[in-house]
2 protein chains.
Amino acid sequence: MPKNCRRSDCPISFSLDIFGDKWSLLILRDMIFIGKRTYGEFANSDEKMATNILADRLSVLENAGVIKKKKDKEKKSRFIYSVTDKGIELLPVLLEIIKWGATYDKDTVAPKAFVDRIKNDKEKLMKEIIEGIKNNKPLFAPIP
Amino acid sequence: MPKNCRRSDCPISFSLDIFGDKWSLLILRDMIFIGKRTYGEFANSDEKMATNILADRLSVLENAGVIKKKKDKEKKSRFIYSVTDKGIELLPVLLEIIKWGATYDKDTVAPKAFVDRIKNDKEKLMKEIIEGIKNNKPLFAPIP
DNA sequence: TATATTTGCTTGCAATTTGCAAGTGCAAAT
DNA sequence: ATTTGCACTTGCAAATTGCAAGCAAATATA
């Protein structure tokens with residue numbers, strides 16, 4: 001299949017052509033929930049993705065308009081990646097995936113209180129998460 | 001990475017280990033929305049997936065308990081695949097993916113009325129879809 | 001009864017993608 | 001001037017994918 005050929009006009013197929021793989025949504029997770037912003041931070045995720053794959057996925061997501069990239073003002077040798085509005089609109093997808101995964105994975109690290117809020121208080125939770133992104137105070141910021 | 005090794009205890013990673021690829025959710029889509037039930041029907045989806053991949057994905061989904069398989073009573077040479085409750089619980093994920101995909105794909109085939117119902121009438125829509133599965137009357141049954 | 005067809009896979013093989021390790025190039029810090 | 005940090009890039013082996021064909025068992029047709 002040629003690279004720029006869509007498989008069908010199904011909205012699921014369209015979406016999966018962008019993030020249907022084992023890594024893309026983890027990059028988005030790291031951005032949205034943990035506040036990661038640089039290449040090096042993504043490369044050091046728990047799942048340790050190969051850097052060539054990371055570079056590839058960042059460019060796919062950027063081309064799709066889900067994330068954007070700009071030079072760091074403080075440290076010019078560095079790029080800052082961030083989610084666009086189009087990317088933030090994937091938050092409901094992520095939350096539903098978390099809900100399902102946490103329900104069926106007995107070893108999940110997802111806090112019960114968080115999963116309960118996805119089930120019972122989703123709208124407010126989403127607002128808080130989006131606020132968190134904009135203020136650079138993500139919900140699950142790593143303990144420094 | 002060994003086949004039975006999880007990457008982390010993140011619920012998203014857990015989920016993607018099961019359906020994080022370009023095909024698995026399309027199989028689920030065909031089951032849930034179109035009412036496909038046999039190997040041959042899946043093999044003839046719009047996206048024309050290779051049959052070796054299809055066989056592989058069906059077995060992954062079955063092992064994960066998302067779908068189940070049994071002999072057709074009417075035609076014993078045939079197997080009937082169907083979603084389990086665990087699979088039906090992926091419906092919210094599918095609906096959110098459809099919502100996002102339909103929003104950003106100008107060529108989408110998703111009917112506007114359907115997407116509007118995902119946005120404004122999701123609970124009732126879900127009940128109807130689940131009813132449809134159980135009564136063998138899927139929402140987007142193909143015109144025969 | 002013999003033959004053909006349907007159904008659900010499996011196999012062989014080439015092409016693509018992945019994963020790992022190492023290397024590169026640039027900017028800033030020392 | 002040299003080292004360090006960062007964002008990739010490259011080489012290569014291994015795994016996965018896609019395509020076409022093959023196969024075996026259960027019907028359907030002659």
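First the proteins, then the strands, lettered A, B, ... as listed; each starts at 1. In what follows, every heavy atom counts, from backbone to side chain, and hydrogens, waters and symmetry copies are set aside.
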Can you give me the N/O atom pairs linking the protein to nucleotides 1-4 of chain C at distances under 3.5 Å, or say none if there are none?
none

A:Asp56 atom CG is separated from D:dT10 atom C1', nearest whole Å, by 14 Å
Q.
Tell me whether B:Lys71 at atom NZ has more than 12 heavy atoms from other residues, nucleotides or ligands lying less than 6.0 Å away.
A. no
Among the nucleotides D:dC6, C:dA28, C:dG19, whichever has the atom closest to the side chain of A:Lys76 is C:dA28
*asked:* Under 4.0 Å, heavy atoms only, any strand: does A:Tyr39 hit a base, just the sugar-phosphate, or nothing?
replied: base
Quiz item: Would you say the side chain of A:Pro92 lies within less than 4.5 Å of the side chain of B:Trp100, judging by non-hydrogen atoms?
Solution: no
Ordered by number, residues from residues 45-52 of chain B within less than 4.0 Å of DNA chain C (heavy atoms) are B:Thr51, B:Asn52
Report yes if a side-chain nitrogen or oxygen of A:Arg37 is closer than 4.0 Å to either non-bridging phosphate oxygen (OP1 or OP2) of D:dA7; otherwise report no. no
Between CD of A:Glu74 and P of D:dG5 the distance, given in whole Å, is 18 Å
B:Ile53 atom CD1 is separated from C:dA15 atom P, nearest whole Å, by 17 Å
Side-chain heavy atoms under 4.5 angstrom apart, residues restricted to Ile, Leu, Val, Met, Phe, Trp, Tyr: same cluster for B:Leu139 and B:Val83?
yes
**Message:** Looking at B:Arg57, I'd like to know whether one of its side-chain N or O atoms comes within less than 4.0 Å of OP1 or OP2 on D:dT17.
**Reply:** yes
Whole-Å distance, B:Lys71 NZ to C:dT7 P, equals 17 Å
* Is there a side-chain polar atom (N or O) of B:Trp23 under 4.0 Å from OP1 or OP2 of D:dT16? -> no
B:Asn44 CG to C:dG8 P, in whole Å, measures 11 Å
Shortest non-hydrogen pair, B:Asp105 vs A:Asp9, comes out as OD2-O, 4.1 Å
> Does the salt bridge (charged side-chain N to carboxylate O under 4.0 Å, His left out) test come out yes or no for A:Arg6 and A:Asp17, once each step is laid out?
Replying inline: CA-CA 8 Å; A:Arg6 16 197 328 199; A:Asp17 283 343; 5.5 Å; no
Looking only at D:dA7, C:dC9, D:dT27, the nucleotide nearest the A:Thr38 side chain is D:dA7
Exercise for the section: Taking only Lys NZ, Arg NE, NH1 and NH2, and the carboxylate oxygens of Asp or Glu, determine whether B:Lys99 and B:Glu96 approach each other closer than 4.0 Å. Expected result: yes
Between CG of B:Leu16 and P of C:dT18 the distance, given in whole Å, is 14 Å
For residues 30-51 of chain B, the salt bridge (Lys or Arg N to Asp or Glu O under 4.0 Å) pairs (sequence neighbours left out) are B:Arg29-B:Glu47, B:Asp30-B:Lys36
- Task: Give me the ring orientation class for B:Phe33 and B:Phe114: parallel if the planes are under 30° apart, tilted from 30 to 60°, perpendicular past 60°.
- Result: perpendicular
Residues at least two apart in sequence or cross-chain that pass salt bridge (charged side-chain N to carboxylate O under 4.0 Å, His left out) with A:Lys112, listed by chain then number, are A:Asp116
For A:Ser24 and A:Leu61, the nearest pair of non-hydrogen atoms, with its separation, is O-CD1, 4.1 Å
Of the candidates D:dC8, C:dT7, C:dA27, the side chain of B:Ser77 sits closest to C:dT7
Separation of C:dT18 atom C1' from B:Asp17 atom CG, nearest Å, is 15 Å
Can you confirm whether B:Phe14 sits close enough to A:Asp107 that some side-chain heavy atom of one is under 4.5 Å from a side-chain heavy atom of the other? no
From CZ of A:Phe79 across to C1' of D:dC6 the rounded distance in Å is 10 Å
Taking five pairs at each terminus, the helix from C:dT1-D:dA30 to C:dT30-D:dA1 shows an axis bend, to 10°, of 10°
Counting the atoms with a prime plus P, OP1 and OP2 as sugar-phosphate, which does A:Phe42 contact under 4.0 Å by heavy atoms, base, sugar-phosphate, or nothing? nothing
Picking from C:dA27, D:dG5, C:dT7, the nucleotide nearest the side-chain atoms of A:Lys75 would be D:dG5
inquiry  = Does a side-chain N or O of A:Tyr81 approach OP1 or OP2 of D:dC6 to a distance below 4.0 Å, or not?
reply    = no
Sorted by chain and residue number, the salt bridge (charged side-chain N to carboxylate O under 4.0 Å, His left out) partners of B:Glu128 (sequence neighbours excluded) come out as B:Arg117
Would you please test A:Phe79 and A:Lys70 for side chain to side chain contact (heavy atoms under 4.5 Å, CB included) and show each step?
CA-CA 6 Å; A:Phe79 290 101; A:Lys70 51 182 173 181; over 6 Å; no
Sorted by position of nearest nucleotide on DNA chain C, 5' first, the leading residue of A:Asp21 and B:Glu41 is B:Glu41
